[in-house]
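Okay, structure first, notes after.
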4 protein chains.
Amino acid sequence: MAPVTQQALSPRKRPRQARATATVDAIYEATIQVLLSDGPHRLTTTRVAERAGVSVGTMYQYFPQKQALIHALNERYLESLAERIETTSRQQHGASAGLMVQALIETYWHAKTERPEVTRALYRSVADLDNSALIERFAQRVDSATITMLESASDSRFQNVAMVNRTLVTVIFGTVRNAFERQLANHEADGVMQQLVLMCRAYLKAVSETR
Amino acid sequence: MAPVTQQALSPRKRPRQARATATVDAIYEATIQVLLSDGPHRLTTTRVAERAGVSVGTMYQYFPQKQALIHALNERYLESLAERIETTSRQQHGASAGLMVQALIETYWHAKTERPEVTRALYRSVADLDNSALIERFAQRVDSATITMLESASDSRFQNVAMVNRTLVTVIFGTVRNAFERQLANHEADGVMQQLVLMCRAYLKAVSETR
Amino acid sequence: MAPVTQQALSPRKRPRQARATATVDAIYEATIQVLLSDGPHRLTTTRVAERAGVSVGTMYQYFPQKQALIHALNERYLESLAERIETTSRQQHGASAGLMVQALIETYWHAKTERPEVTRALYRSVADLDNSALIERFAQRVDSATITMLESASDSRFQNVAMVNRTLVTVIFGTVRNAFERQLANHEADGVMQQLVLMCRAYLKAVSETR
Amino acid sequence: MAPVTQQALSPRKRPRQARATATVDAIYEATIQVLLSDGPHRLTTTRVAERAGVSVGTMYQYFPQKQALIHALNERYLESLAERIETTSRQQHGASAGLMVQALIETYWHAKTERPEVTRALYRSVADLDNSALIERFAQRVDSATITMLESASDSRFQNVAMVNRTLVTVIFGTVRNAFERQLANHEADGVMQQLVLMCRAYLKAVSETR
DNA sequence: GATGAATGAGATTTCATTCAT
DNA sequence: TATGAATGAAATCTCATTCAT
């Protein structure tokens, strides 16, 4: 396998013709399908190409390495996740802090559980990929959105909003992932999510000054 | 690759002699080394054997499949982690609930961060392994220990101790993993851990009846 | 294709068992066969392995890259060529300068023409290989042998033996190669070789002082 | 790859318009560039087209096969080389034989060294090409020109002018190539060229009858 | 004519696993 | 029992060539 350079992770060329765009989309979709049906270690370039209904050669026109595929997939996923969180943050602007964390938790949990196999596939796809840059970018977008939200809370004010935010985000994202991966029964998972809301609220009350 | 059967995942034979034990240990150590230095996709049987100073043939005496290696590695790790948590749980028996969660968080965080590369290597080794059975067993040991601990709290009593425990464990383990993986700066990570203690205590206060 | 590092050009491991030695020899022989029968651009790793009667995997145990094969082949060839020239140089020690160049020309010409297809195959195999290091080493061995020889000439003495030697070697080797590659008819090539002897002798007479 | 037929080696169509000529020139130039910067095994049709600023499709209008490109390149090169030699031969018509060989050596050496990378690139481009026909044609043009020249020598007359000429040409061209490929230091190469002149003159004197 | 997307055979290379010694 | 040579299926990736737009 060729060494993975940063540059090699971005698509080799942008599709210029309509045909090409369709091809790229088919490849994305096929990647997810293969990840789901065959698992990450059966995610091979030939399999993806076959499932996408294109030749390997075509795939390599757009993704110069296998890694580029997975990278692009994660990029897309984190992109859409960030957008959902930003949307929630905007919607909760000016609400009470309690409602904010509740909305955040729900958004994230839904994002992870609405297509659970996709989530699982993505978690597992990552093993070989250095996606710390992606994560970093994602974290910054999220932090910026949630801090803005928290600062607008109608009922609370925080001395060290950065730390409170970092704590909340770390706890919520970590807990959701863990609940997801522990494969809790549905009612158990729902219970944990409710308790998580409770917990975050108790925390917010403890660290906020009333406005 | 031969299909992975459950039976095939356990070492082919238990080491009976001192020499054999040393060999197996060398193999474990070598696996971690290779994982760290070469990454999971360069974790090959030849490389591990070479690093361990044995021949591939010998390695296959102890681990009938490559998967068995990784499986055994994770088993060992979770085993020792469970033991540490059980120890902590015993030590905190009868303490206040607040001290309990603090001890739990510290134990888990230390376990993850004292050899961070090993932790990272193990996280990454898992991609292709179905380790849900391992996780399940680990979770049960932990739950049983922490529930016993929580029930002995000197200052609190919980209506639904199972749920409270599940919540705490999910939150703590999830948060720790997330803090670890986000690669927070040291002081940030420490801050989050302190806040996590705070948060868990606030939660416990909210859901407990004074004894 | 992986980038060609210098290290990668030497055999990956030395054969330790008799079986392994036989394998390596078979591979060398097969490489020449394929080069001859299929031409350099049909020299593929699979073809060589097949012809050698081993699996590709085995071949890669000994030659980590396709280039390593060709490199080894050239190394072997230049090695034996250098030996022949050294032998000739020793044999002509103390002879007349005229006999020396005659012997040198004959040796080189025979070496090139006794298995002409092999010679041609090797010339063509080189296109992608940076064999300047090999050539350099070869040139030094040859220079050292021929200078020693020339200095011992019974009938001549040279002011600047290094230059005379460099000239002779460059002219002889170049002319032989060119005669070979121009595909002259046999009698034409023989004629040129005889004239070359004549020419070198005339040159030697012109630049030497009688002893 | 389609089998290479002789007919397929000539450009598919002659450029009739100025635009077409420019395109073909750009392709030639690009071929050399790619050969120089990427080496012969990275000489791909796509790369050449890209460097030439045309599409692959367009390139295939002019060169129906990749081989045709290299063939045409060599043809062009040998063509211009032959012309230079013819020019020199005409200029030296009637001069002394000594001046003739001197001029011939200088012409050839300059032709090879004025753009050394191009020379090297061309040498390496040839591996897979059967260019014996080209060489043959080139040799005949050269022979015819140099024989005519030699026959006009003011100071010498040769019994077997064909053989003398063949010898001179083979020696000079072979030596120049070898000096070039051995990568001699500049002063060494210049020295060899001067000695070569000396040598050829000594030879001519030995084989000629004074006129 | 020109373009460049698509093709797919085929090349290189890896690596889990076996088995003769 | 230990060794490590051998295996070969399978993976990644390339590139000459075609052809729809």
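In what follows, every heavy atom counts, from backbone to side chain, and hydrogens, waters and symmetry copies are set aside. Every chain is numbered from 1, with letters handed out A, B, ... down the list of sequences.
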Can you measure [X] atom [atom1] to [N] atom [atom2] for me and round it to whole angstrom units?
{"X": "K66(C)", "N": "dA11(E)", "atom1": "NZ", "atom2": "P", "result": "9 Å"}
{"X": "Q67(C)", "N": "dA11(E)", "atom1": "CD", "atom2": "C1'", "result": "13 Å"}
{"X": "M59(D)", "N": "dC19(F)", "atom1": "CE", "atom2": "C1'", "result": "17 Å"}
{"X": "H41(B)", "N": "dT14(E)", "atom1": "NE2", "atom2": "C1'", "result": "11 Å"}
{"X": "R42(C)", "N": "dA11(E)", "atom1": "CZ", "atom2": "C1'", "result": "12 Å"}
{"X": "F63(C)", "N": "dA6(F)", "atom1": "CZ", "atom2": "P", "result": "12 Å"}
{"X": "Q65(B)", "N": "dT18(E)", "atom1": "CD", "atom2": "C1'", "result": "14 Å"}
{"X": "Y60(C)", "N": "dA5(F)", "atom1": "OH", "atom2": "P", "result": "19 Å"}

Check your understanding: What about Q61(D): does its side chain form a donor-acceptor pair under 3.5 Å with the base of dA2(E)?
Key ->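 No.
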
**Asked** Just how far is it from atom CG of L122(A) to atom CZ of R120(A), taken to the nearest 0.5 Å?
**Response**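 So the gap between those two atoms works out to 11.5 Å.
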
Fill in: Distance, nearest 0.5 Å, that separates CG of L73(D) from CG of L134(D)
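L73(D) atom CG to L134(D) atom CG measures 11.0 Å (nearest 0.5 Å).
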
Given Watson-Crick and G-U pairs under 3.5 Å, DNA chain E in dot-bracket ([ ] crossing, | other strand) is .||||||||||||||||||||

Please identify each residue that fulfils side chain to side chain contact (heavy atoms under 4.5 Å, CB included) with [X], with sequence neighbours left out.
{"X": "A26(A)", "result": "A52(A)"}
{"X": "E50(A)", "result": "none"}
{"X": "L36(C)", "result": "I32(C), E117(C), V118(C), A121(C)"}
{"X": "S55(B)", "result": "T58(B)"}

Go through the structure and list residues passing side-chain hydrogen bond (donor to acceptor under 3.5 Å, both in side chains) with [X], not counting sequence neighbours.
{"X": "R47(A)", "value": "none"}
{"X": "S80(C)", "value": "none"}
{"X": "D38(B)", "value": "none"}
{"X": "T46(D)", "value": "none"}

Between L43(C) and L43(B), which residue's closest nucleotide on DNA chain E lies nearer the 5′ terminus?
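Whichever sits nearer the 5' end wins; that is L43(C).
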
Which salt bridge (Lys or Arg N to Asp or Glu O under 4.0 Å) pairs, counting each pair once, include a residue from residues 20-33 of chain C, with sequence neighbours left out?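 Found D25(C)-R76(C).
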
*Proximal nucleotide (of dA16(F), dA16(E), dC13(F)) relative to the T44(B) side chain*: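 Selected nucleotide: dA16(E).
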
(message) Go nucleotide by nucleotide along DNA chain F from the 5' end; which of T58(C) and V56(A) gets its closest nucleotide reached first?
(response)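 Closest to the 5' end, via its nearest nucleotide, is T58(C).
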
Within residues 32-40 of chain C, residues whose heavy atoms come under 4.0 Å of DNA chain F:
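Heavy-atom cutoff 4.0 Å gives no residues at all.
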
* Which residues, if any, of residues 45-54 of chain D bring a heavy atom under 4.0 Å of DNA chain F? ->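 DNA chain F contact set from residues 45-54 of chain D: T45(D), R47(D).
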
Q.
Looking at S55(C), I'd like to know whether one of its side-chain N or O atoms comes within less than 4.0 Å of OP1 or OP2 on dG8(F).
A.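 No, no such contact exists.
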
| Are OP1 or OP2 of dA6(F) and a side-chain N or O of T23(C) less than 4.0 angstrom apart? |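 So the side chain of T23(C) is within the cut-off, an N or O lying under 4.0 Å from OP1 or OP2 of dA6(F).
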
field: Closest non-hydrogen atom pair, F63(A) against A72(A)
entry: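 Taking every non-hydrogen atom into account, CE2-CB, 3.9 Å.
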
